[in-house]
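Read the structure below first, then the notes.
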Amino acid sequence: MNFISTYTINLNDLKMIDSDCVKANDWVDLICENEGDFSREGEFMSFDMNGVELVIFYDLQVSGRIDYDPGDYWTPPYSDVDITHESIDVTEVTLGEIEIELDKELKEMFTKVIKNNL
């Protein structure tokens, strides 16, 4: 029997406890520093869910387009970054001491949780 089917996950009651992740506010800087894209493996977020710890591990890939105009005597320099692609791959989820077996539906659900907290 799958543990997740015997325990109801209420995503509205999640309170973040800890994380090791790059927040979305920092993506533009990392795209500029890494010339268009970056990836991070093994990021995580942990939550308190009614007294039970939920930990989501994932890999992140982000790429973007950088526009830069160095300007001239009359025009100041200009730069702009557009995020063109983001990929979050949920690799592992634990609820308490139990590792949850992930299917496509659960991966999508936990990806939404990550996106809401980035």
Side-chain angles (χ1 to χ4, degrees):
M1 177 158 73
N2 189 344
F3 180 75
I4 195 73
S5 63
T6 62
Y7 193 90
T8 303
I9 294 182
N10 186 351
L11 300 180
N12 297 326
D13 290 338
L14 296 179
K15 295 175 186 82
M16 186 176 290
I17 300 170
D18 193 13
S19 67
D20 180 15
C21 60
V22 175
K23 296 291 188 176
N25 297 353
D26 299 327
W27 290 1
V28 168
D29 293 337
L30 287 169
I31 287 173
C32 289
E33 290 172 13
N34 295 290
E35 299 179 6
D37 61 12
F38 72 93
S39 62
R40 299 249 327 214
E41 295 181 358
E43 292 199 332
F44 78 90
M45 291 183 183
S46 65
F47 302 90
D48 175 38
M49 187 177 66
N50 297 326
V52 179
E53 185 178 26
L54 174 70
V55 183
I56 306 170
F57 294 92
Y58 62 96
D59 298 334
L60 174 69
Q61 292 183 322
V62 180
S63 58
R65 183 179 47 80
I66 303 169
D67 289 329
Y68 177 71
D69 182 348
D72 57 24
Y73 182 76
W74 297 277
T75 310
Y78 167 82
S79 65
D80 186 38
V81 176
D82 292 320
I83 307 282
T84 58
H85 176 74
E86 66 181 59
S87 172
I88 297 171
D89 180 30
V90 177
T91 57
E92 181 182 336
V93 177
T94 59
L95 185 60
E97 297 293 320
I98 307 297
E99 184 175 336
I100 296 173
E101 188 173 320
L102 297 170
D103 60 15
K104 182 179 178 182
E105 183 180 329
L106 286 174
K107 278 190 169 199
E108 288 174 1
M109 180 178 72
F110 290 122
T111 298
K112 287 179 185 176
V113 170
I114 292 166
K115 285 183 178 184
N116 288 339
N117 288 281
L118 281 176

In one Ile/Leu/Val/Met/Phe/Trp/Tyr side-chain cluster, 4.5 Å: [X], [Y]:
{"X": "Leu118", "Y": "Val55", "answer": "no"}
{"X": "Met49", "Y": "Phe44", "answer": "no"}
{"X": "Ile17", "Y": "Ile98", "answer": "no"}

Take Val90 and Leu102 through the test side chain to side chain contact (heavy atoms under 4.5 Å, CB included) and record every step on the way to the result.
-> CA-CA 9 Å; Val90 177; Leu102 297 170; 3.9 Å; yes
Reported [atom1]-to-[atom2] distance for the pair [X] and [Y], which is rounded to 0.5 angstrom:
{"X": "Arg40", "Y": "Ile88", "atom1": "CZ", "atom2": "CD1", "answer": "13.0 Å"}
{"X": "Phe38", "Y": "Leu30", "atom1": "CZ", "atom2": "CG", "answer": "5.0 Å"}
{"X": "Cys32", "Y": "Tyr68", "atom1": "SG", "atom2": "OH", "answer": "11.0 Å"}
{"X": "Ser46", "Y": "Phe57", "atom1": "OG", "atom2": "CZ", "answer": "8.5 Å"}
{"X": "Ser87", "Y": "Leu60", "atom1": "OG", "atom2": "CG", "answer": "8.0 Å"}
{"X": "Lys23", "Y": "Asn117", "atom1": "NZ", "atom2": "CG", "answer": "6.5 Å"}

Salt bridge (Lys or Arg N to Asp or Glu O under 4.0 Å) contacts touching residues 27-36 (sequence neighbours left out) |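 As it turns out, there is no salt bridge (Lys or Arg N to Asp or Glu O under 4.0 Å) pair with a partner in residues 27-36 once direct neighbours are skipped.
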Pairs touching residues 70-83 that satisfy salt bridge (Lys or Arg N to Asp or Glu O under 4.0 Å), sequence neighbours left out =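 Residue pairs passing salt bridge (Lys or Arg N to Asp or Glu O under 4.0 Å), neighbours aside: Arg65-Asp82.
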Is there a donor-acceptor pair under 3.5 Å between the side chain of [X] and the backbone N or O of [Y]?
{"X": "Asp103", "Y": "Glu105", "value": "yes"}
{"X": "Asp26", "Y": "Val22", "value": "no"}
{"X": "Thr75", "Y": "Gly71", "value": "no"}
{"X": "Asp59", "Y": "Gly42", "value": "yes"}
{"X": "Gln61", "Y": "Glu86", "value": "no"}

What I'd like to find out is whether the side chain of [X] reaches to under 4.5 Å of the side chain of [Y], using heavy atoms alone.
{"X": "Thr94", "Y": "Ile100", "result": "no"}
{"X": "Val113", "Y": "Thr111", "result": "no"}
{"X": "Leu14", "Y": "Asp48", "result": "no"}

With a cut-off of 6.0 Å (strictly less than), are more than 12 heavy atoms of other residues, nucleotides or ligands near CD of Glu92?
->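 Enclosed.
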Which residue, Lys15, Glu53, Met16, forms the side-chain contact (heavy atoms from CB on, under 4.5 Å) with Phe47?
->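 Going through Lys15, Glu53, Met16 one by one, the side-chain contact (heavy atoms from CB on, under 4.5 Å) with Phe47 is satisfied by Met16 alone.
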Start with the C-alpha gap between Leu95 and Val93, add the side-chain angles, then the distance that decides, and say whether side chain to side chain contact (heavy atoms under 4.5 Å, CB included) holds.
-> CA-CA 7 Å; Leu95 185 60; Val93 177; 5.8 Å; no
Closest non-hydrogen atom pair between Asp37 and Ser63, with its separation |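 Shortest heavy-atom separation between Asp37 and Ser63 comes out as CB-CB, 3.6 Å.
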